[in-house]
Trainee: 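Below is a structure I'd like to ask you about.
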Amino acid sequence: GMSGRWVAVLGLVLLASPLCGGSGRYFTEEDMEGIRQRIKSMFYHAYNSYLDNAFPYDELRPLTCDGQDTWGSFSLTLIDALDTLLVLGNNTEFQRVSSLLQDTVDFNMDVNASVFETNIRVVGGLLSAHLLSGRGGVEAEPGWPCAGPLLRMAADAAAKLLPAFQTSSGMPYGTVNLARGVSPSETPVTCTAGVGTFILEFAALSRLTGDPQFETAARHALLALWDTRSEIGLVGNHIDVQSRKWVAQDTGIGAGVDSYLEYLVKGSILLQDQGLLNMFLEYDRAIQNYTRFDDWYLWVQMHKGTVTMPIFQSLEAFWPGLQSLVGDLDGAIRTFQNYYSVWRQFGGLPEFYSITQGYTVDKREGYPLRPELIESAMYLFRATGDHVYLQFGLDAIESIEKIAKTPCGYASVKDLRDHKLDNRMESFFLAETIKYLYLLFDPAHFLHGAGEDWEVGGEDGGCVLGAGGYIFNTEAHPLDPAALHCCSRHARERQELRDILLSQSKPPPATHSQSETPKAAESQSESIALKPGERKAAPLLSCPVQPFSARLAVLGQVFTDNT
C-alpha cells in the first residue's frame, strides 16, 4: 500500500520530463556507420592507453596514466576486452591477445579474489573468447568448441573458485584466495547476486568440458537461495551462507540482487530450462506486487513488503532489457523512459537517484561509465526498431566524450553535478559499455543472430555453431547455446571411451592431460606477479554493491557504510 501523496509525488517527477514522442530524429544506415566508427575510436583510445600505460595491471588509471590491480591480478582489462576486439572486427589483435594471455596468465597465485567478479569477468571473458575464436580466425584445436586453450584457462580459473562453494548451504563465500582457498577469517556474509550469478558460466563450462562439478555447484547454490525466500516471495540482498540467515533484508532489483534475477532468465534460455524460468516468474510476481510504483522499482523490506527507500540505482537499468527478454515489452518501454529521464537530467546515471526528490543522493553522485542503460537500449531497439533508443545511444556517446574523456582513456565520473572525475577506468567500460553501444548501432551484427554465416564444429563436424541466439553474461560476454548442446552430446561418448581406456589401464588420451600439467613455478608470468615483496590490497567488497548508510532508511535499514 502506497499513500496517495507518494504516488502524486512520483507523478510529478514523471510529468516533468516526458519523452519527446515521435519527434526524434531518424538514423540512416550511413548515420549508423558513422557512429560505429566513433565508437571504435573510443574503444581504441581507451584500449591502446591501457596497453601502453597499465598492462599488465588489472586496470588503467586514466588521470595519472598508469595501472593498478583491482579485482585480482590477472591483467583483467585485457581479458574483459578480448571479445570486444572480435565484436569490432579486429581479428588480428584478438588472435595476438588470445595467445598472449595463454602465455602470461596463471591463476595459481596468492591473491584474494572476488568469487563473483572473477566468474563474470575472467571465466566469462575466457569462455566467450573461446567460443568466438573460430570466427576470430584462431587455428582451432581438434574437437573445438569442446576443447581449446582458452577453455582450459576458463576451467582453471573456475576451479580456483570452487572451494568457496564448500559451505553447509552450498552457497559460496564472497572471496577466495586463488592459491589457498577460503581464508579461515573470511566473512560468511555475501550478497544475493554473489550466490546466484554462476549458472551461465558454470553450466557452459560443464557442458563444454564434460566435467559436471561446475554446473552442480551453481545449481546447488541457486536452489539453496530459492529455499530462503520470504513468505511473500522475496529475497533480501545479503545472506549468511553458513547459517542461511538474511543479514540485509531490503530487496529491490538493483545492487546485490540484480544479476541473480538476470541469470534465472538467461540460464533458462541458454539451457532450455523451464525450472529456472518458473523461479524468475514467481519472483517477478512478487517484485511487481511489492516494489513497482509507476514503472519505478523501489526498495522494500523482504518480509513485510513495506517501502524502505524510494531510490533508483543505476545498476537497476538492466531491468528493461530483461523485461524485453521475457516478453513484457510495454513495461520495459515505460521503465526505460523513466531511467532515460534521469540520464538526461545529468548526462549519466548517478549511482543512486531519489525518486521522490528527483535528485542525486549524498555520496552516490558518481557515474562509473556503467553499461546497464545502454544494454537495455540495445534489447529494446532490437525489439521495437524505435529510433529513440539510437538517440539515447548517441546521447551516451556525447556525454561520455564530453565528460569522461582524458588524454589517457576515459575516467569514471566522481560527481555528475560538477563533472569531477575519478582516477579509474573499470574493465567493464571496454567489456560492456563500448560493446553494447556498438551492437546498438549494428543491428545486422552476427551476435544479434542476423545473417547466415554460421560455422561447423565438434569432433565429427556435426555441430552447427553461431546460428543466432547468443546469450550475454552479466559482463556482456556472449555464449553460444549451440556449442553447449553440441559438446554435451559428445561428453557421453567420450566418457564411455575413457572407461574402456582405463579398464585397459592405459593413460588417458593426451588432450585431457594437457590441462593437468602444472605450469612450472619459475614460469610464473611477470604479467601477474607484483614486484617481489609487494602485497595486493584486497578489494573492499566482494559484491557489486554500493553500500549506503542508515540515514537514508525509513525503516530499520540493514546497509551500513562498512557492509
Trainee: Where is the tightest heavy-atom contact between Leu380 and Ala332, given as atom of each residue plus distance?
Mentor: CD2-CB, 3.8 Å
Trainee: Can you spot which of Glu351, Glu426, Glu432 makes a salt bridge (Lys or Arg N to Asp or Glu O under 4.0 Å) with Arg370?
Mentor: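 Of Glu351, Glu426, Glu432, salt bridge (Lys or Arg N to Asp or Glu O under 4.0 Å) with Arg370 is met by Glu351 alone.
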Trainee: Quick one: are the ring centres of Tyr260 and Tyr283 less than 6.0 Å apart?
Mentor: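 Yes - the distance between ring centres of Tyr260 and Tyr283 falls below the 6.0 Å cut-off.
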Trainee: Please round to the nearest 0.5 Å and tell me the distance separating atom OH of Tyr297 and atom OG1 of Thr335.
Mentor: 4.5 Å
Trainee: Under 6.0 Å between ring centres, would you say that holds for Phe472 and Tyr436?
Mentor: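 Yes - the distance between ring centres of Phe472 and Tyr436 falls below the 6.0 Å cut-off.
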Trainee: Going through the checks in order, is the side chain to side chain contact (heavy atoms under 4.5 Å, CB included) test met by Leu271 and Arg207?
Mentor: CA-CA 10 Å; Leu271 308 171; Arg207 296 186 184 200; 3.7 Å; yes
Trainee: Please tell me whether Asp250 and Thr308 have a donor and an acceptor in their side chains that are separated by less than 3.5 angstrom.
Mentor: yes
Trainee: Does Val176 form a side chain to side chain contact (heavy atoms under 4.5 Å, CB included) with Lys160? I'd like the steps, not just the answer.
Mentor: CA-CA 8 Å; Val176 72; Lys160 297 292 188 187; 5.8 Å; no
Trainee: Say whether Glu316 and Trp296, considering side chains only, have a donor N or O and an acceptor N or O under 3.5 Å apart.
Mentor: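 Side-chain D/A pair, Glu316 to Trp296: absent.
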Trainee: Working to the nearest 0.5 Å, report the span between OH of Tyr438 and CD1 of Ile434.
Mentor: 11.5 Å
Trainee: To the closest 0.5 Å, what do you measure between CD1 (Ile239) and CG (Leu225)?
Mentor: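 These two atoms lie 6.0 Å from each other.
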Trainee: Considering non-hydrogen atoms only, spot the tightest contact between Leu132 and Leu86 and give its length.
Mentor: O-CD1, 3.6 Å
Trainee: Are the side chains of Phe74 and Leu178 in touch, meaning some heavy atoms are under 4.5 Å apart?
Mentor: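 When only atoms from C-beta onward are counted, Leu178 and Phe74 do touch, with a gap below 4.5 Å.
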Trainee: Of Leu234, Ile232, Asn237, Ile287, which meets side chain to side chain contact (heavy atoms under 4.5 Å, CB included) against Thr251?
Mentor: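 Of Leu234, Ile232, Asn237, Ile287, side chain to side chain contact (heavy atoms under 4.5 Å, CB included) with Thr251 is met by Leu234 alone.
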Trainee: Can we call the ring centroids of Phe202 and Phe165 under 6.0 Å apart?
Mentor: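 Ring centroids of Phe202 and Phe165 are less than 6.0 Å from each other.
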Trainee: Would you say that Phe214 contacts Phe198 through its side chain, given a criterion of any heavy-atom pair below 4.5 Å between the two side chains?
Mentor: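 Sidechains of Phe198 and Phe214: no contact.
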Trainee: Tell me whether Asp258 contacts the main-chain N or O of Ala193 through its side chain, where contact means a donor paired with an acceptor under 3.5 Å.
Mentor: no
Trainee: Rounded to the nearest 0.5 Å, what's the gap from CG on Leu281 to OG on Ser268? Could you check?
Mentor: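 Spacing of CG (Leu281) from OG (Ser268) equals 8.0 Å.
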Trainee: Could you tell me if Glu59 and Thr77 have a donor-acceptor pair between their side chains, going purely by distance under 3.5 Å?
Mentor: no
Trainee: Decide yes or no for Leu261 and Ile253: does some side-chain heavy atom of the first lie under 4.5 Å from some side-chain heavy atom of the second?
Mentor: yes
Trainee: Check step by step if salt bridge (Lys or Arg N to Asp or Glu O under 4.0 Å) holds for Arg219 and Asp273.
Mentor: CA-CA 12 Å; Arg219 285 190 181 273; Asp273 184 324; 2.9 Å; yes
Trainee: For a quick test of reading the model, state the closest non-hydrogen atom pair linking Asp83 to Ser128 and the distance between them.
Mentor: OD2-OG, 2.9 Å
Trainee: Determine the minimum heavy-atom distance between Val115 and Leu161, stating which atoms define it.
Mentor: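 Taking every non-hydrogen atom into account, O-CD1, 3.8 Å.
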Trainee: Apply side-chain hydrogen bond (donor to acceptor under 3.5 Å, both in side chains) to the pair Glu282 and Asn278, showing each step before the final yes or no.
Mentor: CA-CA 6 Å; Glu282 193 160 321; Asn278 292 342; over 6 Å; no
Trainee: Within the 3.5 Å criterion, strictly below it, is a donor on Lys266 or Asn473 matched to an acceptor on the partner's side chain?
Mentor: no
Trainee: Do Trp319 and Ser376 come close enough that some side-chain heavy atom pair is under 4.5 Å?
Mentor: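 Result no, sub-4.5 Å side-chain heavy-atom pair not found.
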Trainee: Which heavy atom of Leu439 sits nearest a heavy atom of His445, and at what distance?
Mentor: CD2-CG, 3.5 Å
Trainee: Working note: Tyr379 + Phe318, criterion side chain to side chain contact (heavy atoms under 4.5 Å, CB included); need CA distance, chi angles, decisive distance, verdict.
Mentor: CA-CA 10 Å; Tyr379 284 109; Phe318 81 101; over 6 Å; no
Trainee: Verify the distance criterion only: is there a donor paired with an acceptor across the side chains of Ser259 and Thr197 at less than 3.5 Å?
Mentor: yes
Trainee: Heavy atoms only: give me the nearest Ile311-Val361 pair and the separation to one decimal.
Mentor: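 In terms of heavy atoms, the two residues are closest at CD1-CG2, 3.9 Å.
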Trainee: Could you measure the distance from the CG atom of Leu151 to the CG atom of Asp156? Nearest 0.5 Å is fine.
Mentor: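 Spacing of CG (Leu151) from CG (Asp156) equals 9.5 Å.
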Trainee: Are Gln313 and Trp299 close enough, and set up right, to give a side chain to side chain contact (heavy atoms under 4.5 Å, CB included), and what steps lead you there?
Mentor: CA-CA 10 Å; Gln313 301 182 333; Trp299 285 76; 3.4 Å; yes
Trainee: Counting distance only, does the side-chain N/O of Thr175 pair as donor-acceptor with the main-chain N or O of Ser114 below 3.5 Å?
Mentor: no
Trainee: Given Phe392, which partner from the list Phe381, Trp343, Tyr339 fulfils the ring-ring contact (aromatic ring centres under 6.0 Å, His included) test?
Mentor: Trp343
Trainee: Between Glu365 and Lys363, is there a donor-acceptor pair closer than 3.5 Å when you use the side chain of the first and the backbone of the second?
Mentor: yes
Trainee: Report yes or no: does Ser73 contribute a side-chain atom to a donor-acceptor pair with the main-chain N or O of Asp69 at less than 3.5 Å?
Mentor: no
Trainee: Does Gln166 have any side-chain hydrogen bond (donor to acceptor under 3.5 Å, both in side chains) partners at least two apart in sequence or in another chain, and if so, which?
Mentor: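 So Gln166 forms no side-chain hydrogen bond (donor to acceptor under 3.5 Å, both in side chains) with any residue.
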Trainee: Just so I know, are the side chains of Val195 and Pro172 near enough to count as touching, which here means a heavy-atom distance under 4.5 Å?
Mentor: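 Result yes, sub-4.5 Å side-chain heavy-atom pair found.
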Trainee: Side chains of Phe107 and Val105, heavy atoms from C-beta outward: is any pair under 4.5 Å?
Mentor: yes
Trainee: Decide side-chain hydrogen bond (donor to acceptor under 3.5 Å, both in side chains) for Asn112 and Asn177; before the verdict, give the C-alpha distance in whole Å, the side-chain angles of both, and the deciding distance to 0.1 Å.
Mentor: CA-CA 4 Å; Asn112 294 328; Asn177 182 289; 3.1 Å; yes
Trainee: Show, in sequence, the C-alpha distance, side-chain angles and deciding distance for Ser133 and Trp144, and conclude whether the side-chain hydrogen bond (donor to acceptor under 3.5 Å, both in side chains) test is met.
Mentor: CA-CA 9 Å; Ser133 58; Trp144 178 89; 3.3 Å; yes
Trainee: Could you tell me whether the side chain of Tyr389 reaches within less than 4.5 Å of the side chain of Thr384, counting heavy atoms only?
Mentor: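 Result yes, sub-4.5 Å side-chain heavy-atom pair found.
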Trainee: Could you tell me whether the side chain of Met279 reaches within less than 4.5 Å of the side chain of Leu223, counting heavy atoms only?
Mentor: yes
Trainee: With sequence neighbours left out, write down each residue that passes side-chain hydrogen bond (donor to acceptor under 3.5 Å, both in side chains) with Asp328, or none if nothing qualifies.
Mentor: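 Gln323.
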Trainee: Give the intermediate values and the outcome of side-chain hydrogen bond (donor to acceptor under 3.5 Å, both in side chains) for residues Glu201 and Tyr263.
Mentor: CA-CA 10 Å; Glu201 298 82 3; Tyr263 272 38; 2.6 Å; yes
Trainee: Okay, side chain of Ser75, backbone of Leu78: is any donor-acceptor separation there less than 3.5 Å?
Mentor: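 Here the side-chain-to-backbone pair does not exist.
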Trainee: What I want to check is whether the side chains of Thr118 and Trp71 have a donor and an acceptor closer together than 3.5 Å.
Mentor: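 No, no side-chain donor-acceptor contact under 3.5 Å.
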Trainee: Are Asp80 and Lys435 close enough for a salt bridge, meaning some N to O gap below 4.0 Å?
Mentor: no
Trainee: Is Cys463 close enough to Cys487 that their SG atoms are under 2.5 Å apart?
Mentor: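 No, because the SG atoms of Cys463 and Cys487 are not under 2.5 Å apart, which misses the disulfide cut-off.
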Trainee: With rounding to the nearest 0.5 angstrom, report the OG to CD distance, Ser168 to Gln242.
Mentor: 4.0 Å
